[in-house]
Amino acid sequence: MDVRSAYNSGITGFQDASAQLSQSSARIAHAGVAEISMTENQAPSESQSRSTERTPISLTTELVNLKVAEFQAKASAKVISTADEVLGTLINTSV
């Protein structure tokens with residue numbers, strides 16, 4: 001087992017989870033802003049109405065994406081932790 005490969009896999013997974021978390025959070029925040037402006041009886045600008053028509057945001061889907069990102073981050077942290085333990089064991093046995 002290549003310990004560097006395990007570290008890289010863990011770090012890549014953690015970065016992917018972080019990116020997914022950021023994207024889902026931004027979508028939820030954008031959907032909330034759109035809802036607030038609609039409830040204040042403000043007419044949305046032409047660009048806002050086009051963007052919301054093209055990509056409707058499902059709050060449920062984005063919350064599920066947040067939970068998936070959480071599990072992905074936890075799994076990636078476990079991979080990094082395990083690789084660290086393996087490396088520690090290798091160092092201790094060679095000394």
Side-chain angles (χ1 to χ4, degrees):
M1 176 181 157
D2 188 11
V3 176
R4 288 180 295 175
S5 174
Y7 275 120
N8 288 339
S9 294
I11 290 170
T12 300
F14 201 82
Q15 289 171 337
D16 290 345
S18 177
Q20 182 176 359
L21 177 71
S22 295
Q23 290 173 354
S24 292
S25 298
R27 287 185 191 124
I28 290 170
H30 179 68
V33 169
E35 284 181 20
I36 290 170
S37 67
M38 296 299 274
T39 58
E40 293 175 351
N41 294 326
Q42 296 175 352
S45 68
E46 189 175 317
S47 62
Q48 286 177 336
S49 62
R50 284 183 190 161
S51 65
T52 55
E53 287 174 5
R54 278 189 247 150
T55 56
I57 302 298
S58 168
L59 183 59
T60 306
T61 301
E62 295 306 327
L63 290 174
V64 169
N65 288 341
L66 288 175
K67 201 65 172 171
V68 168
E70 177 188 354
F71 286 126
Q72 183 179 1
K74 285 180 181 179
S76 297
K78 181 75 174 174
V79 168
I80 294 169
S81 175
T82 302
D84 184 51
E85 289 175 16
V86 168
L87 182 61
T89 301
L90 291 173
I91 290 173
N92 287 339
T93 56
S94 66
V95 171

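Since the structure is predicted, the reported quantities are computational estimates derived from the model, not experimental observations.
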| query | Would I11 and V86 show up in the same hydrophobic cluster when neighbours are defined by side-chain heavy atoms closer than 4.5 Å? | reply | yes
| message | Please determine whether residues F14 and Y7 belong to a single hydrophobic cluster, defined as Ile, Leu, Val, Met, Phe, Trp and Tyr linked transitively by side-chain heavy-atom distances below 4.5 Å. | response | no
| task | With N65 as reference, evaluate E70, Q20, Q23 under the side chain to side chain contact (heavy atoms under 4.5 Å, CB included) test and give the passing residue. | result | Q20
| said: Could you report the tightest heavy-atom contact between S24 and L66, atom names first, then the distance? | reply: CB-CD2, 3.7 Å
| query | Can you name the nearest heavy-atom pair linking A73 to A17, along with the distance? | reply | N-CB, 3.7 Å
| Main-chain N/O of A77 paired with S81 side-chain donor or acceptor, under 3.5 Å | no
| task | List the steps and the verdict of side-chain contact (heavy atoms from CB on, under 4.5 Å) for L59 and L63. | result | CA-CA 6 Å; L59 183 59; L63 290 174; 4.1 Å; yes
| task | Look only at the side chain of D84 and the backbone of I80, and say whether a donor-acceptor pair between them is shorter than 3.5 Å. | result | no
| request: Verify the cluster assignment for V64 and I28: are they in a single hydrophobic cluster under the rule of side-chain heavy atoms below 4.5 Å apart? | output: no
| task | Please report the shortest heavy-atom distance between S76 and G10, naming the atom on each side. | result | CB-O, 3.3 Å
